[in-house]
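Order of the sequence lines fixes the chain letters, A, B, ..., with proteins taken first and strands second; residue numbering starts at 1 for each chain. For clarity, every value in this text was computed on a predicted model and none was experimentally measured.
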Amino acid sequence: MTASRKFLKGNEAVVYGALAAGCRCYFGYPITPQNDIPELMSSEMVKVGGQFVQAESEVGAANMLLGAAACGVRAFTSSSSPGVSLMQEAISYMAGSELPGVIVNMARGGPGLGDIGSSQGDYFQAVKGGGHGDYRCYVLAPATCQEAYDHMIEAFDVAYAWRVPVLVLGDAILGQMKEPVTTWTPDVNADAGKDWRLEGASGRPERLLKSLFLEDGALAGHNAKLQTRYRDMQPLSRLETVGVDDAELVIVAFGTIGRIARSAASQLRKQGHKVGVARPVTLFPFPVAQLQALAVPGRRFLTIEQNCGQMVEDVRLALAGKAEVAFHGHLPGNLPNPDEFIQPILDALAAKA
Amino acid sequence: MTASRKFLKGNEAVVYGALAAGCRCYFGYPITPQNDIPELMSSEMVKVGGQFVQAESEVGAANMLLGAAACGVRAFTSSSSPGVSLMQEAISYMAGSELPGVIVNMARGGPGLGDIGSSQGDYFQAVKGGGHGDYRCYVLAPATCQEAYDHMIEAFDVAYAWRVPVLVLGDAILGQMKEPVTTWTPDVNADAGKDWRLEGASGRPERLLKSLFLEDGALAGHNAKLQTRYRDMQPLSRLETVGVDDAELVIVAFGTIGRIARSAASQLRKQGHKVGVARPVTLFPFPVAQLQALAVPGRRFLTIEQNCGQMVEDVRLALAGKAEVAFHGHLPGNLPNPDEFIQPILDALAAKA
Amino acid sequence: MTSINLAALQQEGYTEVATLPEVLADRPMHYCPGCHHGIAHRLVAEALEELGQVERTICVSSIGCSVFIYNYMHLDTVEAPHGRAAAVATGVKRARPDAFVFTYQGDGDLASIGLAESMHCANRGEKLSIVFINNTVYGMTGGQMAPTTLPGQKTTTSPGGRCASTEGLPLKMAEIMAGLGGVAYSARVATTSLKRIVEAKKAIKAAFQCQIDGRGFGFVELLSACPTNWRMTPLQANERVEKELIPYFPLGVFKDDANDPACSVSGGDS
Amino acid sequence: MTSINLAALQQEGYTEVATLPEVLADRPMHYCPGCHHGIAHRLVAEALEELGQVERTICVSSIGCSVFIYNYMHLDTVEAPHGRAAAVATGVKRARPDAFVFTYQGDGDLASIGLAESMHCANRGEKLSIVFINNTVYGMTGGQMAPTTLPGQKTTTSPGGRCASTEGLPLKMAEIMAGLGGVAYSARVATTSLKRIVEAKKAIKAAFQCQIDGRGFGFVELLSACPTNWRMTPLQANERVEKELIPYFPLGVFKDDANDPACSVSGGDS
Amino acid sequence: MALYLDAIIAGFGGQGVMLIGNLLAYAGMEAGYNVTYIPVYGPEMRGGTANCTVVISDEPIGSPIIKRPLSCIIMNLPSLHKFQPTVQDGGVVVVNSSLVDPALGDAARLKIVPVAANEIADAQGNVRMANMVALGAWLRATNAIPLDTVQQALPNVIAAHYAKLIPANANALARGWETADAAMATA
Amino acid sequence: MALYLDAIIAGFGGQGVMLIGNLLAYAGMEAGYNVTYIPVYGPEMRGGTANCTVVISDEPIGSPIIKRPLSCIIMNLPSLHKFQPTVQDGGVVVVNSSLVDPALGDAARLKIVPVAANEIADAQGNVRMANMVALGAWLRATNAIPLDTVQQALPNVIAAHYAKLIPANANALARGWETADAAMATA
Amino acid sequence: MHHVLINEERCKGCLLCTVACPKEVLEQSARFNQQGYKVVEVARQDDCTACAACARICPDFAIRVFRKKSAKPKGAKGEQA
Amino acid sequence: MHHVLINEERCKGCLLCTVACPKEVLEQSARFNQQGYKVVEVARQDDCTACAACARICPDFAIRVFRKKSAKPKGAKGEQA
Ligand SMILES: Cc1ncc(C[n+]2csc(CCOP(=O)(O)OP(=O)(O)O)c2C)c(N)n1
Ligand SMILES: Cc1ncc(C[n+]2csc(CCOP(=O)(O)OP(=O)(O)O)c2C)c(N)n1
Ligand code: SF4
Ligand code: SF4
Ligand code: SF4
Ligand code: SF4
Ligand code: SF4
Ligand code: SF4
Ligand SMILES: [Mg+2]
Ligand SMILES: [Mg+2]
């Protein structure tokens, strides 16, 4: 493992993280605010002898990803909200076929064409599955450029360890902002996928990767197996906390909103308010137990999201009955900043009384 | 209003309901188990002077729908799970552009290609929005062929009254089963859409239907407006109940599973068990208040779905803290029938003690 | 200053030539200096007015630099998702057969993500028109490779120049469209000079006329400059259209069933 | 009975002709009586074996009646979503350039929902092969109109017969593919008689050879019978291919860069 | 108690089990009952076996799908194996004895009604109407709906261009009814 | 307290505000701090105004987006109107006096540092380096990061084929620094 | 005399082989197999040239053709696998 | 003498009009407009034939051409709107 420090955009960190993780195929279609990813890939991928394909569309890109993943070759695609909507069928197929594709969504404002600013309006799509059927992606929500880099490495490892598609959910802020990033090269397990990947049936029986299960009860069995896997993944869930130990109010926020909320909280701390921040790092599996552990009597929760109320449902389900969970939605279309969170936080603190 | 009694498949009821509601454009792409809809439409639509187009794909069909809806002409598309995944971008655009398109999903088993049997695995997609951004569809869940007919009429009325896309979520059972249906012809408000539909800017300023909002704060304002609308629609929510008054256990189930659960409940009633059924008829808006009203002390709830646990989250959110909500998932891939619900219901009753 | 001169000129017996179509909105456009979108807008506007279609027109805008076309034309307009303008237009035309319907699409939109929708719409012979702006790049998103990017052309996603053997050769949409059954008219034009602009206008009107006559689908491809993403001055870009684009994408009318009735849609029993 | 005779025959000095390729699985197929999918399967299997590709082959199955091709061939296989086999195959081939990659797709799959993916894959000149089964209907879903349905042909969604003026004319995919830059080989064949089958096999091998040689994309369209959805006996359906399909969809090789080097992919600077 | 009856009708694809299921349900509707009909195709889309379930009740019908039916019409052997064990005790099982040995019927537990549907239909001139013969027998065995109600429903389930076959179908229904009637008289 | 500084840098597209934002953040990183840089493009994708925000801190940085900055570099008039009111009391505002009348600076509330960036850059031979001049002035006014650290960072933000311009850019930075230094000495 | 074997359980009775055979060796039989298909049978084995046209057109791979080693193919056509 | 009017606030200085003009009437000026573009100006009005080539190629509709009624167009080309 070699490490060095670079000054990178979140989009660039995604690229270098993926390459460090041994990614050797990238398929993508341009869309703001993630164009740095295909643009940088178009030159960087060639350098490592991998393949860069500008797909005809996001539908094409996601299905190319499916094909590469079926070969057990580390591959990913990236897009932003409308493009990710177009990938939902393919993602459902990858989940159904147990294929380890990695998808990056640098989300932007919606619905529809919306705008090109930051948004967390795709939480439901990412976490509950925007495609059809009962499936889940492992969902990471990086908040820093360092995490953008690290999460790409984790994404491939989890994808291959569990044979699930992995979604990395960033936003326009993360994609466009620059920060110092310590780059490092993990050991990649080249054997991951050895027993199922396609490479030609030479000297062994043929292999089949599919999601069609027509025989009586076969699909039910398959779904049961997937659900077991999702339950088994629960220990992978992570929650990052700051200043929660003595907090009267815990703010729950993910991704860039999580770090912006941290700024607001530290401002308020300086004014004597006991406020902490809990940032789910994995959105699926959701850090249920970790949140429940925070729900001591008398403590309140405020979920802040840049959307109209999505993750708050998972927070409420996690804390059901144990604590009150208020919600503040910073609407997509407005650039978020800590000052605008102050009043909602004070309100939530006051509501306690 | 003329009424008559016909013996119709759910798919056929959808067609005749839509035509009675004044639907004059249908766009669709074949997929089992809803092929009766495009097939019947290809002859019936011509009879009423409307337009039938077999689209090149579900992406094409959904976008044709968007175009027809922009003209204020009653139109719909239908598909089944994988096809509906492909429509997510267009649905998000319709929501963002406030267009009254109607989409029918005769859902089948997933994820991926899955099977062609019944499933409720698309609840999240339908209700939380499988597309990007914060939007909602009005979601109806017919349980009978009569409802399939009636809901199509309601779908168009709500779509035009509120300028939202409407999703009718059936499944393979509803699509394929036949029942007597009393057909009727509603009064259609031809003026709905008069003030926004496109028809050429003759004698008035031009009109614009779009979802792009780039100016500072414009998208936020638009989202706020949509959220207000969704809140205002809450009174449209409906819950059908059977035998709940003295029930110790209320089963919450939607669509065909709702009626199958009713059979199981009535079997158990005959054995002296105090079991009732609450069937959400609208999935969005969700009948929150109606469910809360049922949550009297000591009464338990059991959600039964043909999926791995989706609506149960909304039931839990609705009843948060007021009642325990157990879950029984009948897996897609197994044909549901009342006998298989008996034991889970008895278990839920027993857990009370 | 302008308005003072204007009043004076009119009093002095001047008449304006090439007056701006009224359907064009009087506001500055967001396009880059020397971008041909503006020229194309004007041609479309002139054609609509001259053919008397403005008041029954429904415009389908696409996603690309021209997404804001609705800010510049007083037309009923619906915004299509990226690549789906032809499908949206199909829905519009089927819902309102009496309307004049056209889409305005870029090369990324029409020939990459929207290829299936565009070709099937054309093949069905939908009675609508497509104005296709081929500038060999994705303008709006910052100059990525398009399906029409020339071999060797450098873009932000083909930094070494488009490689024919792995990225393919540019799609010639006007020719592909001409090969489809339902297409009544297909032509390629440019807007680099007055002569070309006059030809372009003729082609746009001919394509529109197919729709008015109910003869079928009309298609016009306009070779256009994108100085910004070509990293050129407007004049260099204008010249590149002549020197590099036209040799690869020949100008001309590839199908016109008004001239050649044999081309018109036939067959079928209903 | 069969096995008894077999042993006897072998002892008596008989040799089997046209033996079944080993890559074919020994199990009954789900296809309807007289469906040509089975004939095509055998040809593909023979070609793979004769070219020595079986052990390095990755098959991309598509959604249509032939989705179960993986039950009938001992090949590593991945199932593509409906219409996306060419995109999936692109991913497979890019990930494993040493593998022999082919898709097997129906006309609904390839030419309707998958038109953009199919054409862009071809145009990029992906080094892979597509076997395209054109039976002029959606077989699996019960006989709806396909993009290749003939004018006037009755299907469950064109009950009055396909109407050319609103539903368009059938797409001629072999010709469209031949017109694209990255395509090294494109042909149309049929499997109605031994003579045709021999031709078909030749075409499949030629298309496969393009990939083996790294020359580019190879495409073979097989006109096939779907007795069930044509509502015909297998013999009537077989005859319909000859009498109705071939006249509209001419058989032949539309592009072969092995014969005509001028057709080969050129241009580009990298 | 209220009237409630259900039936699973099963056989090869092509034996017309869907048609008689439809007919029965339609007739039930005409007789004033609530009815449901639901077809079930095997996992194989082409060929294979097929069955459908009909429920007739004077109360609103909950489940259209029945796991333990009150009656069955069994048109071939695989269907007997699959469905006979699911029939509730005392239930009626009409067996097409042309293709299934009626001795395989679980007469101890169930009311087995054998009817040589193929032969009878063949004798009437069209072996494809074996399904109608079997339904006729079922009508007699269950007494659920009058024969003539079902006969009158025929035009509603038979496609227009086969209308000329309606009398023959009606006749086949009657022959099945009579056969079962005779069998039950002797039983 | 720990070091914390932020700046909004704003001007026309083409004035190079993104470049100096990048440069500043990069130098901050090299100086051992945590830094964030984030660009903000106006709703218009082509042309228009542009600004970016840089945060430098020796603690982990929460928000990269700042509504009430501690300092600003203002390259044109619209940016003055937009951002001056948001700067916190006592904050530093470097104003490009070539394009903006420094008298418009709210000197009562803020520390206004005028620098005739265009003229100074022009005098150095390249008016396009006005951005460097302004950044040089800001470095002096805030004393946040040493001038030479920033100069040494230049090769990391200037594209390779413009490398020959690095000395000129370094020079422009120095001229800005000196100008501000002189102005502050006289102030 | 060559030999043609029909795998009756695989045969679906489509009769494509009967028209593909240049010698009219094959014919529909009166037999149904377990799947309910009326299978073909070898009616005139003597006329068979072992050309394998039947085998190669059979969509269900139900036909195997055996050539008597001594006998040389009469009128056999096309390549062989 | 005809008259060409430049709407300087609309002009983006692309200079397409300068090459479209057959008479070299138009030239880049030294002036910047509020948007920062160096606008064109009418340098040789006398030579203008009111052909409107400049107006029709201007992507920003910044040019209006007025023909002196008496004067008949010299060398004007193409149709007019
Ligand atoms: C589904 C989706 N994918 C990608 C985008 C991003 N996007 C916006 S415009 C565009 C391409 C524009 O190029 P072109 O169609 O050639 O138009 P131009 O800007 O060159 O006129 C893309 C890829 C999007 N908005 N939606
Ligand atoms: C997204 C999606 N849309 C529709 C379908 C349904 N579907 C399955 S196969 C098929 C068409 C099959 O026709 P074709 O490709 O011609 O193959 P054939 O069965 O005729 O061989 C369709 C529409 C699907 N599975 N997925
Ligand atoms: S980027 Fe290109 S296409 Fe877009 S406005 Fe600028 S010049 Fe025109
Ligand atoms: S439906 Fe048609 S294509 Fe499908 S198996 Fe049957 S005959 Fe073949
Ligand atoms: S081998 Fe040739 S001659 Fe013999 S039966 Fe088959 S087709 Fe006929
Ligand atoms: S071709 Fe094959 S399946 Fe068809 S009849 Fe002949 S042997 Fe049977
Ligand atoms: S009208 Fe013609 S001659 Fe006059 S300036 Fe314009 S282009 Fe030149
Ligand atoms: S063409 Fe128009 S925008 Fe360009 S320089 Fe001339 S007047 Fe200005
Ligand atoms: Mg373009
Ligand atoms: Mg087909």
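Residue B:Gln267 touches chain E through its side chain alone, counting heavy-atom pairs closer than 4.5 Å. Neither the backbone nor the side chain of B:Ile257 comes within contact range of chain E; no heavy atoms are under 4.5 Å apart. Using a 4.5 Å cut-off between heavy atoms, E:Asn22 contacts chain B through both its backbone and its side chain.
Rounded to the nearest 0.5 Å, atoms CD1 (B:Ile173) and CD1 (E:Ile38) are 5.0 Å apart.
When all heavy atoms of B:Lys6 and E:Met29 are compared, the pair lying nearest together is O-SD, 4.0 Å. Residues B:Arg259 and E:Ile61 share a closest heavy-atom pair of NH2-O, 3.1 Å. Nearest heavy atom pair, residue B:Gln176 against residue E:Pro39, reads O-CD, 3.4 Å. Smallest separation of non-hydrogen atoms from B:Pro338 and E:Ser63: CD-OG, 3.2 Å.
Screening residues 108-120 of chain B for side-chain hydrogen bond (donor to acceptor under 3.5 Å, both in side chains) gives B:Ser118-B:Gln306 as the qualifying pairs, with residues at least two apart or on separate chains.
Residues of residues 75-88 of chain E lying within less than 4.5 angstrom of chain B, judged on heavy atoms, are absent. Within residues 108-147 of chain E, no residue has any heavy atom less than 4.5 Å from a heavy atom of chain B. Below 4.5 Å, heavy atoms of chain E meet heavy atoms from B:Phe7, all part of residues 7-18 of chain B.
The shortest distance between side-chain heavy atoms of B:Glu179 and E:Pro64 does not fall below 4.5 Å.
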